[in-house]
Structure formats: C-alpha cells, structure tokens
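Here's the structure we're looking at; comments come further down.
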Amino acid sequence: MKNPLYPLKFQPILKDKIWGGEKLHKHFNKDSNSKSLGESWEISTVPDDVSIVVNGSLKGQSLQDLVNEYTSSLLGNKNWDRFGADFPLLIKFIDAKEDLSIQLHPDDELASLRHNSFGKTEMWYVMQAETDANLIVGFNRDMDKETYLEHLKNKTLTKILNFDKVSEGDTYFIEAGRVHAIGAGVMLAEIQQTSDVTYRVYDWDRVDKDGNERDLHNDLAIDAFKFELKNDFKVDYSLNKNTSNKMVQCPFFTTNILELNTEVIKQNTFDSFIIYMCVDGNVEIITEDFTETIKKGESLLMPAEIKDFKLKTDYGKLLEVYV
C-alpha cells in the first residue's frame, strides 16, 4: 500500500560557482561554508541532481521515484499525459556575487534535437539587490546576426545589450533564445523548465583558480538566438493581499505571487502540482492530515491530488507555481 501524499520538502542541492557568494548561507541558512555558493536547487529531477524528500513518511525517497510511483496523483492528469515521468520544472535560488556569463538557452525543438532535453524558458524574481545592481536582458537596439557577430569578435557585446537596474520584487520573463545575464549583487528566485543546457557566449575573460577560462558555446548559440528587439520581458503585477496575483503565464508554467497576513483557504483547481517558494517571512501549509512550514529561502511541492488546504501566517510572501 502506498504512503499517502502530503506537502513535500526536499534537501537543497547546493552548487558552487565561480561567480557565487555567501548570501544563500547567510540569509537562507543553506548548509554550506563555501564563499562561492551560487545556486540552491530546490526541486529538481535533472540527472545526477535529483531532489530527496526530507520530511514526513516519504523522507529519503527521490522526487523521480515519487513521480514514477504516484504518476498523475503527484503531477496531475494533464501533466502526466503531457510529460509522462519527466518532471517539467527546475526551481532554484541564485546568489550572484559576481556577474554571470552572458548566455542564452535553446527552445524545446533545438534542445530536443541536440541534447534530448527540454528547452529552457525561465523567470526571475529579485529577492535582494545591491545598490546599482543590474540584469542583462535582450538587446538595446534592433539586432541581426552579422552585427552581433562583429561585436562578439571585438568583445564589445556590452554596447548592444540591455542593462536594467533592479531592486527587490522586480520580475523578469526570459524566453528561450533571449540573451541574458544576472549581474553582480543580485539574489533571486528562478523558475525554469527542467533543463541544464546553457549556451555561454561571453564570460568577461575571467579564469578559474587554475587559470582556465570556462568553455564558450558560440557555434551552438548562434542558431538559438532570437535577435528581434522586444521590450516585453519585465513583468508588471498586482500585489493584492491574501490572494493569488498573476505574474507569468506561459506554455511551460504559471506563476502567481501571494502576500499573506492571515489564514487563507486554498483549492487546487489546476490539475497540477503546485510549488510554493517562500520569498519573505514564513507560511504554514496545512492539509487535513499534515502541516509543514516554509520560511524565506525554502520551497515546497504540493501534490496534485491534494485539492483543499490552508496557508497561514502573520506575514509571508510566496511564489505559487504550477503547470
């Protein structure tokens, strides 16, 4: 007999990066003493980086094993029909002490052809930003392949890229094919398709501790670019209290934001699992048989079969994600 499903928490998968810092440990108590901790993978089924349950009767089991065993009860009927046992999302917190590389990601078609992978459309919610910190998203002018390649050759890419100064709460939607980079001093929540395919096009000429530059992927990237100038990446959203406010809706995920200061009754009408990322405060998630708390910098997976539950807090802010 299967154990009943309940709100699931997972052991963070921590990733040191050349550009990482210490905020994920200092602000979110991630279990690392590294001075270059760049990412906390909160919910993942990427091969060799599969999340492990840390709460309740399913503690110690992997998310992939649960997907295989519980199928539509965990994912929802439409997601099981669409994705099968391939969990569709990868959830992260990211701390950029230094600038990330300038990069982009392939779409589903190209990623499937080249890497047997989903593409990577993603979104960012800025949780903290130093003064004058910025993100790179898209180009700052009409662009074409030839002009781009000339700037790449001359190491003048920054002249044609769009820099946005950011602060807490700013939200960006990054479709596959759009050039981007997280700037130094930004800590954010990232929601993305399950993919670890990145095409790095410029890495600021930096080297690692052994004096080696990281690989670039310009031959692959050139076919993945979307060069058209589109100023549609910054997300406007409402923040009405104690209700779900729509932020992003795309074929790969929907994300709402909830700012809570009381108990709220929720119903899952999405035929999908729901992921909650706590971006401020703390929130209790209460089902008929189980209660779990998430605090700032933590995440939780609500199985699709749980239709009725409560969110309770004196103050908390959540990203609510489903497919």
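One-based numbering along the sequence shown.
The ring pair (Phe, Tyr, Trp, His ring centres under 6.0 Å) search around Phe253 returns none, not counting sequence neighbours. When the ring pair (Phe, Tyr, Trp, His ring centres under 6.0 Å) test is applied to Tyr125, no partner is found at least two apart in sequence or on another chain. Every ring pair (Phe, Tyr, Trp, His ring centres under 6.0 Å) that Phe290 has, sequence neighbours left out, goes to Tyr6. For the side chain to side chain donor-acceptor pair (under 3.5 Å) test, no residue two or more places apart in sequence or in another chain qualifies with His27. Applying the ring pair (Phe, Tyr, Trp, His ring centres under 6.0 Å) criterion to Phe87, with sequence neighbours excluded, gives Phe273.
At a cut-off of 3.5 Å, with distance as the only test, a side-chain donor of Glu122 or His180 sits close to an acceptor on the other residue. For Asp16 and Ser34, the side-chain atoms include at least one donor-acceptor pair closer than 3.5 Å. At a cut-off of 3.5 Å, with distance as the only test, a side-chain donor of Ser244 or Lys266 sits close to an acceptor on the other residue. For the residue pair Lys92 / Gln192, a side-chain donor-acceptor distance below 3.5 Å is found, with atom types taken as modelled. Neither side chain, His25 nor Ser32, offers a donor N or O lying under 3.5 Å from an acceptor on the other. Side-chain polar atoms of Glu259 and Asn242 form no donor-acceptor pair below 3.5 angstrom.
Hydrophobic cluster membership for Ile182: Ile18, Trp19, Ile94, Leu100, Trp124, Val126, Leu135, Val137, Val166, Tyr172, Ile174, Val186, Leu188, Phe233 (Ile, Leu, Val, Met, Phe, Trp, Tyr linked by side-chain heavy atoms under 4.5 Å, directly or transitively). Taking a 4.5 Å side-chain heavy-atom cut-off between Ile, Leu, Val, Met, Phe, Trp and Tyr, the cluster of Leu110 contains only that residue. Residue Ile52 is found outside any hydrophobic cluster, as its side-chain heavy atoms come under 4.5 Å of no other Ile, Leu, Val, Met, Phe, Trp or Tyr. When hydrophobic side chains of Ile, Leu, Val, Met, Phe, Trp and Tyr are connected at separations under 4.5 Å, Leu104 ends up clustered with Ile102, Ile136, Phe139, Met143, Tyr148, Leu149, Leu152, Leu157, Ile160, Leu161, Phe163, Val179, Val197, Tyr199, Val201, Tyr202, Trp204, Leu220, Ile222, Phe225, Phe227.
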Please set out all donor-acceptor pairs under 3.5 angstrom arising from side-chain atoms of residues 56-63, sequence neighbours excluded.
unit_1, atom_1, unit_2, atom_2, d
Ser62, OG, Asp65, N, 3.0
Ser62, OG, Asp65, OD2, 3.3

Below 3.5 Å, can you tabulate the donor-acceptor pairs from side chains in residues 73-85 to any protein atom, sequence neighbours excluded?
unit_1, atom_1, unit_2, atom_2, d
Asn77, OD1, Ser72, OG, 3.4
Lys78, NZ, Phe270, O, 3.0
Lys78, NZ, Asp271, O, 3.2
Lys78, NZ, Val323, O, 2.5
Asn79, ND2, Leu75, O, 2.9
Asn79, ND2, Ser272, OG, 3.2
Arg82, NH1, Pro251, O, 3.1
Arg82, NH2, Pro251, O, 2.9

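Evaluation of the salt bridge (Lys or Arg N to Asp or Glu O under 4.0 Å) test over residues 22-33, restricted to residues two or more places apart or in two chains, returns Glu22-Lys26, Glu22-Lys35, Lys23-Glu130, Lys30-Glu42.
Formation of a donor-acceptor pair under 3.5 Å by the Asn261 side chain with backbone atoms of Tyr315 is not found in this model.
Considering all non-hydrogen atoms of both residues, Ala189 and Met277 come closest at CB-CE, 3.7 Å.
Between Asp95 and Lys17 there is no salt bridge, since no side-chain N of the basic residue sits under 4.0 Å from a carboxylate O of the acidic one.
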